[in-house]
Amino acid sequence: MASLRYYFENTIIRPRRAFSELLSDPRRLKHGFITFLIMVLLYTVGILFIAFSGAEPTMRPWLAIPSKNYYYWQTLFYAPVFITGWILAAGVVQLLSRLFKGNGTFEDTASLLGFGIAVPTYVTLIPDMIEGFLAFLGIINQKEYTEFITHPGLGQIFIWSLMLIELVWLITLFSVSVEKAQKLPWWKAGIIGTIGYIVYQLFLFIFIR
């Protein structure tokens with residue numbers, strides 16, 4: 001049986017092959033959960049750096065938490081929110097797949113989505129961690145950084161490019177996950193995968209700022 005590292009690397013370069021092989025691995029759910037959890041924990045570390053830097057959310061939080069303490073609290077609910085979003089997305093995908101005559105199990109769906117969500121998220125996770133660390137060291141200022149990425153220029157182009165890459169990659173791997181787990185044609189998998197991604201992202205949007 002292949003290692004977690006093998007599945008992770010091949011999700012990047014050969015996702016269809018990686019997911020097909022993962023489905024035959026009895027440790028698939030464990031691998032999917034560990035891969036997802038590592039991503040979440042790294043993001044939590046990045047948020048902790050931002051919290052220690054004294055930064056505040058640029059958008060008003062929906063939760064009734066004072067802005068000056070928001071990132072400290074976010075380090076506590078980051079992991080539960082992400083994990084719940086993953087399970088919710090897998091559940092929605094599983095139910096929709098039944099309407100399209102899919103025959104995969106929830107375990108298959110969740111296992112593949114563990115990789116399908118975690119791997120593309122590194123596109124923005126790594127820059128966010130670097131930003132948090134530099135803010136923690138006092139090398140960059142939140143206000144200046146926000147202006148750098150929101151005003152027209154290289155900063156804005158760079159950030160939006162990363163977000164676009166992540167968006168396309170996430171929807172693609174959501175769709176491939178559905179295709180392989182549920183044994184559905186690519187166009188049906190594409191519809192379900194896109195809806196699953198939207199549900200996942202909307203859930204995160206409620207809590208993550």
Side-chain angles (χ1 to χ4, degrees), residues 2-13 15 18-19 22 25 27-59 61-63 65 67 69-91 93 106-107 109-140 142 145 159 162-163 165-167 169-171 173-174 177 196-197 199-209:
S3 65
L4 187 150
R5 177 180 176 180
Y6 170 86
Y7 293 124
F8 185 92
E9 291 175 349
N10 281 273
T11 296
I12 299 173
I13 56 179
F19 287 178
L22 183 61
D25 193 324
R27 305 165 301 168
R28 58 189 177 279
L29 186 58
K30 177 181 177 182
H31 282 329
F33 177 71
I34 292 175
T35 300
F36 192 86
L37 186 61
I38 291 172
M39 178 272 292
V40 172
L41 292 178
L42 288 175
Y43 241 130
T44 302
V45 171
I47 294 298
L48 193 59
F49 283 137
I50 293 175
F52 285 146
S53 74
E56 297 182 11
T58 55
M59 293 190 295
W62 287 6
L63 301 180
I65 300 174
S67 293
N69 297 323
Y70 186 79
Y71 286 122
Y72 287 104
W73 283 102
Q74 196 176 72
T75 59
L76 299 179
F77 61 71
Y78 219 72
V81 166
F82 265 90
I83 293 172
T84 302
W86 167 46
I87 296 172
L88 175 63
V93 164
F106 176 80
E107 179 180 338
T109 302
S111 301
L112 299 191
L113 283 180
F115 285 87
I117 295 173
V119 172
T121 303
Y122 279 91
V123 173
T124 54
L125 185 158
I126 294 174
D128 284 349
M129 284 196 69
I130 294 173
E131 173 204 345
F133 185 64
L134 294 178
F136 170 68
L137 294 177
I139 296 175
I140 63 173
Q142 182 192 18
Y145 179 77
I159 292 298
L162 291 181
M163 292 173 64
I165 292 171
E166 182 186 41
L167 168 66
W169 202 359
L170 276 166
I171 292 177
L173 290 190
F174 258 86
S177 297
Y197 165 76
V199 169
Y200 171 76
Q201 205 62 55
L202 286 177
F203 181 78
L204 295 188
F205 185 71
I206 296 173
F207 300 93
I208 306 302
R209 285 288 185 272

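This one's a predicted model, so the numbers in the text were calculated from it and none came from an experiment.
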Can you find a heavy atom in the side chain of Met39 that is under 4.5 Å from one in the side chain of Thr35?
-> no
In terms of heavy-atom contacts, Tyr7 and Ala18 come closest through CD2-O, 3.8 Å
For Phe52, the side-chain contact (heavy atoms from CB on, under 4.5 Å) test, sequence neighbours excluded, returns Leu48, Tyr72, Phe136
Check whether any side-chain heavy atom of Pro127 sits under 4.5 Å from a side-chain heavy atom of Leu162, and report yes or no.
-> yes
Residues at least two apart in sequence or cross-chain that pass side-chain contact (heavy atoms from CB on, under 4.5 Å) with Leu41, listed by chain then number, are Leu37
Exercise. Tell me, do Phe106 and Leu29 make a side-chain contact under 4.5 Å, heavy atoms counted?
Worked result: no
ask   = Quick check: does any side chain N or O of Arg27 sit under 3.5 Å from a backbone N or O of Leu22, one acting as donor and the other as acceptor?
value = no
| message | Do Tyr197 and Ile117 have side chains that approach each other closer than 4.5 Å (heavy atoms only, starting at C-beta)? | response | no
Contacts of Glu9 meeting side chain to side chain donor-acceptor pair (under 3.5 Å) (sequence neighbours excluded), chain-then-number -> Arg5
Applying ring pair (Phe, Tyr, Trp, His ring centres under 6.0 Å) to Phe82 and not counting sequence neighbours gives Tyr78
Side chain to side chain donor-acceptor pair (under 3.5 Å) filter on Thr84, not counting sequence neighbours, yields none
- 4.5 Å side-chain heavy-atom contact, Leu113 and Phe36: no
side-chain contact (heavy atoms from CB on, under 4.5 Å) filter on Leu137, not counting sequence neighbours, yields Phe133, Ile139
Rounded to the nearest 0.5 Å, the CZ atom of Phe19 sits from the CG atom of Leu173 at a distance of 5.0 Å
Distance col, row Leu170:CG vs Met163:CE, nearest 0.5 angstrom, shows 11.5 Å
Applying side chain to side chain donor-acceptor pair (under 3.5 Å) to Thr11 and not counting sequence neighbours gives none
Rounding to 0.5 Å, atoms OG (Ser111) and CZ (Phe33) come to a distance of 12.0 Å
Sorted by chain and residue number, the side chain to side chain donor-acceptor pair (under 3.5 Å) partners of Tyr200 (sequence neighbours excluded) come out as none
In short, Thr44 meets Thr75 closest at the heavy-atom pair CG2-O, 3.6 Å
| message | Is it the case that atom CH2 in Trp73 sees more than 12 heavy atoms from other parts of the structure closer than 6.0 Å? | response | no
Phe115 and Leu4 have their tightest heavy-atom pair at CE2-O, 4.2 Å
Correct closest heavy-atom pair for Gly132 and Phe49 would be O-CB, 3.2 Å
Rounding to 0.5 Å, atoms CD (Glu131) and CD1 (Ile126) come to a distance of 14.0 Å
Do Gln201 and Phe205 have side-chain heavy atoms sitting under 4.5 Å apart? no
dist Leu42:CG -> Asp128:CG (nearest 0.5 Å) comes out at 12.0 Å
Quick note, side-chain hydrogen bond (donor to acceptor under 3.5 Å, both in side chains) partners involving residues 114-126, not counting sequence neighbours, are Tyr43-Thr124, Thr124-Glu166
Closest heavy-atom pair, Gly116 versus Ser177, reported as atoms and distance to 0.1 Å, is CA-OG, 4.4 Å
- prompt: Under 4.5 Å between any side-chain heavy atoms of Phe8 and His31, yes or no?
  reply: no
Hits for side-chain contact (heavy atoms from CB on, under 4.5 Å) against Leu202, two or more places apart or cross-chain, chain-then-number order -> Ile198
Value for CD1 (Ile130) from CD1 (Ile140), rounded to nearest 0.5 Å, stands at 10.0 Å
